[in-house]
Protein chains: 2
Amino acid sequence: MVAKEATGRAKPGRAPAPPGRRGRPRQAEVARLAGVSQATVSLVLSGRDLATGRPISAETRGKVLDAARSLGYVPDPAASRLAAARNNLLGVFSFTATFPTDVRHSYYPFLVGVEQEAAAQGYDLVLFTGSSSGGAGASGAGALNRVRLADGCLFLGRHAPADELRRLVADDFPVVHVGRPDDAEGLAWVGADYVSASREVVTTLAGLGHRRVVLVREDDEAPASTDRERGFLDGLSASGLPAGPDAVFRSGDLRRDLTADRVSAWLAEGVTAFVAEETDTGTAWRALRAAVDAAGLDCPGRVSLALLGSPPADLADEPAPMGFDIPRPTLGAEAVRLLAARVAGEPARGTLVACAFRPGTTAAPPAGP
Amino acid sequence: MVAKEATGRAKPGRAPAPPGRRGRPRQAEVARLAGVSQATVSLVLSGRDLATGRPISAETRGKVLDAARSLGYVPDPAASRLAAARNNLLGVFSFTATFPTDVRHSYYPFLVGVEQEAAAQGYDLVLFTGSSSGGAGASGAGALNRVRLADGCLFLGRHAPADELRRLVADDFPVVHVGRPDDAEGLAWVGADYVSASREVVTTLAGLGHRRVVLVREDDEAPASTDRERGFLDGLSASGLPAGPDAVFRSGDLRRDLTADRVSAWLAEGVTAFVAEETDTGTAWRALRAAVDAAGLDCPGRVSLALLGSPPADLADEPAPMGFDIPRPTLGAEAVRLLAARVAGEPARGTLVACAFRPGTTAAPPAGP
DNA sequence: CGGTCGCGTTAATGCGCATTACCTAATGCG
DNA sequence: CGCATTAGGTAATGCGCATTAACGCGACCG
């Protein structure tokens with residue numbers, strides 16, 4: 001029967017019992033007590049017998065269950081996961097440092113959705129911090145490799161090192177980027193639908209009676225900016241309003257260029273509403289408000305204002321501007337759903353999540369002439 | 001050399017490559033690439049060669065390290081742990097559901113500290129989702145077991161299933177509870193020092209000239225409540241003020257019992273300041289404010305008020321009450337520090353974290369007679 | 001110049017569980 | 001009654017890593 005005592009070697013490999021494992025009973029002990037084999041214990045306890053048409057007699061089941069209960073058996077997750085070749089872990093990698101307050105405002109609401117959906121899908125979360133030299137890997141090159149310990153990973157933040165990310169994607173490691181990337185080559189992503197949301201803001205203004213609206217934006221080319229502009233222009237067209245180049249005011253230094261005089265001039269030309277893009281610093285919105293205030297204009301009595309996004313945290317007390325909010329929890333949940341699909345083998349794709357329109361109190365029908 | 005093809009059996013046990021592991025390189029592959037054995041790879045990567053006086057030549061080290069880097073190797077946490085080692089993962093298990101807004105306010109600030117300190121100590125975090133049917137285990141019995149995958153785990157929330165937690169502790173699994181538990185039997189914990197903070201509030205009031213102060217509290221026996229009362233009474237004694245039983249007003253229904261008349265009566269007796277305990281709902285503070293308002297008393301002109309904690313989120317706009325804030329990030333960081341120590345083998349202990357005194361605008365010297 | 005170290009490396013082994021090939025007995029079927 | 005099934009269970013195997021006895025090979029000693 002047994003026949004391999006060929007080598008008379010001793011037995012190496014015996015490791016000292018690690019903490020947390022001490023007197024814990026194993027399946028083998030349950031098996032001995034129940035008078036069956038370890039394999040049977042595994043089958044019964046995992047319920048795999050019923051599922052896979054591999055019936056175990058009720059009597060045996062009972063004996064095993066009793067034995068397990070009386071010994072207080074609990075499965076070792078490490079062993080389970082090792083044997084099952086999957087660890088039920090989803091990574092969340094954030095490039096932005098954790099400290100800045102402005103990030104926390106977007107990161108944690110997002111995390112709420114991630115957490116909820118991950119739990120629903122049966123995954124636990126591993127948080128990788130881009131800053132600091134966390135975990136095994138340093139922060140330099142190869143830092144992203146840490147995430148391979150999970151079954152898949154979410155990436156947040158604009159400053160993702162493209163090459164390293166590409167490497168992961170090339171290795172077929174399931175990855176989902178949060179925020180539409182510049183170059184979505186084979187990369188799965190979820191993003192907010194700025195185009196539709198911006199369009200809705202504009203059509204709503206048009207519905208209030210505004211015939212000339214101006215968009216105020218910074219001078220960059222981020223997808224987030226161009227999407228908003230596109231939505232803005234779409235909205236104008238859809239409302240039958242002129243969507244020419246003078247409907248957009250673009251400047252690299254809004255604080256300097258967006259003056260009270262400029263605003264007054266627009267009013268004289270028939271402009272009755274202004275729309276600011278959202279940026280992480282809220283520059284456009286601040287400049288717009290400042291200029292309108294300086295011009296002594298009442299809002300929404302004299303001019304209507306809207307913000308294509310949420311106001312910066314420090315302006316949370318002021319009256320809510322018309323605009324839209326990014327449903328961060330939803331975004332997080334959608335990201336997890338997509339990632340789970342990737343892990344399950346589905347191909348990469350991009351997904352847009354609708355934003356929530358916010359009526360606010362800064363818009364009203366235009367004043368009479 | 002080889003000699004055990006004795007049994008002509010086929011090879012069972014081969015699991016089909018499941019999703020989620022795909023191209024993840026293993027030590028064996030690194031070994032092949034480097035032209036050494038898997039054991040050598042393990043020795044080099046774990047740095048165990050230097051530590052245990054088992055030197056590996058610099059040349060071999062280099063080859064292994066290069067191979068590992070180029071393959072993007074990361075150890076499998078489950079395998080590491082199974083083989084009696086660490087995986088540089090710390091768990092965070094929260095019992096309270098994550099959704100309720102009131103929880104987010106305390107959970108995420110705490111997480112900020114945890115994250116930062118974990119990164120500093122070289123750990124990554126695993127978020128075990130307590131709510132919902134998370135991870136491998138259901139939410140029922142044995143749900144806590146998932147945490148054994150990590151090297152240790154933080155537990156948040158009051159509703160920790162004592163028996164399961166006890167089991168982990170009994171198995172010598174490193175655990176740190178956040179919040180002083182009712183029964184700290186062998187359990188490591190971190191908590192806020194309500195006693196000292198409450199005392200400071202009282203002595204500050206006394207320093208302003210108040211000679212009679214009343215504490216308003218609900219009728220329960222949570223450590224958080226009794227600690228505050230103790231600190232309150234300590235503060236009175238330390239200031240040479242009467243700390244008799246009539247210095248504490250205790251009621252199961254403050255909204256009903258704490259009336260304007262009652263407050264007026266206290267004033268007539270010479271009371272010039274009131275202190276409310278903090279609860280999750282802010283009941284005591286709300287009731288106190290309502291009564292003072294109803295009595296038409298100016299604060300801090302006529303009476304001084306203080307809150308032994310932070311005001312509830314919905315009252316964040318109102319003037320800040322004198323009191324103290326729980327330094328949640330610090331608490332989180334301290335929890336991680338303690339957990340890391342436990343993982344390293346140090347014995348369990350409890351730790352108190354000092355709260356930050358908040359002057360606020362609701363306290364002033366007592367009005368003249 | 002044979003024997004011994006010392007050093008570097010490898011082969012073998014097990015952690016606890018899941019999986020599956022195979023085995024035995026009881027039963028069905030023509 | 002002989003053979004094919006089915007039911008019920010077991011033995012063997014491997015997941016990926018850490019550990020350690022043993023091995024090979026020069027250097028060094030006597």
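All chains are named by letter (A, B, ...) in the order of the sequence lines, taking the proteins before the strands, and each is independently numbered beginning at 1. Quantities reported herein were computed from a predicted structural model and do not represent experimental measurements.
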Which one, [options], comes nearest to the side chain of [X]?
X: R26(B); options: dT20(D), dT10(D), dC15(D); value: dC15(D)
X: A79(B); options: dA18(D), dG9(D), dG16(D); value: dG16(D)
X: I56(B); options: dT10(C), dT9(C), dA18(C); value: dT9(C)
X: S37(B); options: dT9(C), dT10(C), dA11(D); value: dT10(C)
X: A83(A); options: dG16(D), dT10(C), dG16(C); value: dG16(C)

Exercise. With sequence neighbours left out, what residues match R167(A) under side chain to side chain donor-acceptor pair (under 3.5 Å)?
Worked result: D171(A)
Side-chain donor/acceptor pairs under 3.5 Å, residues 340-350 of chain B, sequence neighbours excluded:
from: R342(B); atom 1: NH1; to: E346(B); atom 2: O; distance (Å): 2.8
from: R349(B); atom 1: NH1; to: T351(B); atom 2: OG1; distance (Å): 2.9

Nearest-Å distance, [atom1] ([X]) to [atom2] ([N])?
X: R148(B); N: dC15(C); atom1: CZ; atom2: P; answer: 17 Å
X: L149(A); N: dC17(D); atom1: CG; atom2: C1'; answer: 14 Å
X: D76(A); N: dA18(C); atom1: CG; atom2: C1'; answer: 13 Å
X: Q27(B); N: dT9(C); atom1: CD; atom2: C1'; answer: 15 Å
X: R61(A); N: dG8(D); atom1: CZ; atom2: P; answer: 12 Å
X: R81(B); N: dC17(C); atom1: CZ; atom2: C1'; answer: 16 Å
X: Q38(A); N: dC15(C); atom1: CD; atom2: C1'; answer: 12 Å
X: L82(A); N: dA18(C); atom1: CG; atom2: P; answer: 11 Å

Contact class for [X] vs. all strands (heavy atom < 4.0 Å): base, sugar-phosphate, or nothing?
X: S80(A); result: sugar-phosphate
X: T60(B); result: sugar-phosphate
X: V41(A); result: nothing

For this session: Quick one: closest heavy-atom pair of A335(A) and F110(A), and the distance?
Result: CB-CZ, 4.4 Å
For this session: Please report the closest heavy-atom contact between E115(B) and L125(B), naming both atoms and the distance.
Result: CA-CD1, 3.8 Å
Exercise. Does the pair K63(B)/D66(B) count as a salt bridge with the N-to-O cut at 4.0 Å?
Worked result: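 No, no charged N to carboxylate O under 4.0 Å.
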Exercise. Is it the case that N87(B) and D151(B) place a side-chain donor and acceptor less than 3.5 Å from each other?
Worked result: yes
For this session: Look at the rings of Y108(B) and Y108(A) and say which category their plane angle falls in: under 30° parallel, 30 to 60° tilted, over 60° perpendicular.
Result: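 Taking Y108(A) first and then Y108(B), their aromatic rings sit tilted (interplane angle of 30° to 60°).
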Exercise. Given axes from five pairs at either end, by how many degrees does the helix from dC1(C)-dG30(D) to dG30(C)-dC1(D) bend, rounded to 10°?
Worked result: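 Terminal axis comparison yields 60°.
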For this session: Let me know which of V178(B), V190(B), V176(B) forms a side-chain contact (heavy atoms from CB on, under 4.5 Å) with E334(B).
Result: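 Only one option passes, and that is V190(B).
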Problem set entry | Short side-chain N/O contact to dT10(D) OP1/OP2 from T40(A), under 4.0 Å | yes
Exercise. Taking only N and O in the side chain of S57(A), is any of them less than 4.0 Å away from OP1 or OP2 of dG9(D)?
Worked result: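 It does, given that an N or O in the side chain of S57(A) lies less than 4.0 Å from OP1 or OP2 of dG9(D).
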